[in-house]
Amino acid sequence: MTEAAEIPKSARPPKQEQEPASEEVTELAPGVIRMQLPIWMPGLGHVNMYGLIDDRGLAVVDPGLPGPQSWKAMKQRLQTAGFKLSDVHTVIVTHSHPDHFGGAGRIRKETGAELVAHRSFTTWSLAESSRRNHLPSEEEEREAEQIAAAAAQALDIASEEIPTVDDHADDFVGDPLRDDPTPEFNAQSVPWGGETPWGGSKHPMPKFTRRMAIRAMRLLFVPPDPSRRVRHAERVQLAGREWVSVHTPGHTIDHLCLYDPEYGLLISGDHVLPSITPHVSGVGNGADALKSYIQTLDLVAALDGVKLGLPAHGHPFDDVPGRVNAIKEHHEERMELIKRASEAIGPATVQQLSHEIFPRKHWGVMAESETFAHLEHMVLEGEVERWSEHGTYVYRIGS
Ligand SMILES: [Zn+2]
Ligand SMILES: [Zn+2]
């Protein structure tokens, strides 16, 4: 609060999720510490790696991007906290974005740690990585790190070359939280440079960058192959007590939160962030990603006695239900905007509607993918009509 006075009026303070990674290690609750690792992604400055300490050593949650810089920072943070890499007995990955799972495979490889993720966690194919026939040079690693970081945002979008969920298709059976993703829907996944399912626009990553990014990832990633895949409501022993896994699809289909009923903690990953609204991808994310997201926001808001939310980016925050409401309101507003835009311009494509509701600087596949998620939700709710014209989806309000 006191720092605010020193910020010149003209400069808007960055959002807390954009702050650069601090070297500080802070204790948040008995046996729970926050460490921050640097990341290089638009709009984000750090990822929180939480440490859950018990008498065997510690578990870490979301150990950052792949690559030497993040690895070095991670070892330094552990040292500051009084631990060695070999003390890490468990790695938990909240979801399949590279700033969360990047370091996980390598920790497992070097320490034999258990790797825990949701049952639907998407994995890198082990066969792919075994094709690697030489160790990368340091220079190659550094170059790869930058490319992988730049490409990381695009990982919302699945292709045959990046992680897929096919190996675990029947993991979803009986999961009460959301619809099963249909094979047809998964088949609509967009490769980089390929057509989007809604038509009329292409993913903008150029061919060369795409090849480089894939090569970069193969060089850097030790595939994060989970040794334990948890289902919703499964108990996990961490920090000397029992936590409950909470499956929270919406941001990604495999998103996992962890709830500690004893001290009222919720490790919220990217499901609930303190000041930015998590992206809800309309691609590779179930038939109604927005519905899954809203339902599971309500689910975490209703958890008993949560005193502190521990997000993957930004500061721990105390009012989880309040933040859930704000995020839900944001989506309500966005749907209102889409409805009004649709009324104003008549039948329109995803791209046209996204241009009506997003400022120009945000135009692109991320904005379209979220607009698509909103529109598909409204189609399923019967509020919006959709048909196809020459392979492009067209939407109109009402029916
Ligand atoms: Zn994410
Ligand atoms: Zn994230």
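Note that ligands are numbered from 1 as they come in the structure, with each ligand's atoms numbered from 1 the same way.
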Determine the minimum heavy-atom distance between Pro20 and Gln36, stating which atoms define it.
O-OE1, 4.0 Å

Looking at every non-hydrogen atom in both residues, tell me the closest pair between Val61 and Leu52 and how far apart they are.
CG2-CD1, 3.9 Å

Just jot down the salt bridge (charged side-chain N to carboxylate O under 4.0 Å, His left out) partners of Asp62, sequence neighbours excluded, or say none.
none

When the ring planes of Tyr393 and Phe372 are compared, do they come out parallel, tilted or perpendicular, using 30° and 60° as the limits?
parallel

Atoms of type N, O or S from protein under 2.8 Å of the Zn ion (ligand 1), total 4

What side-chain hydrogen bond (donor to acceptor under 3.5 Å, both in side chains) pairs are there with at least one residue in residues 261-274, not counting sequence neighbours?
His95-Asp270, His100-Asp270, His251-Asp270, Asp270-His313

Could you list who else is in Val394's hydrophobic cluster, with ILVMFWY side chains joined at under 4.5 Å, directly or through other members?
Trp387

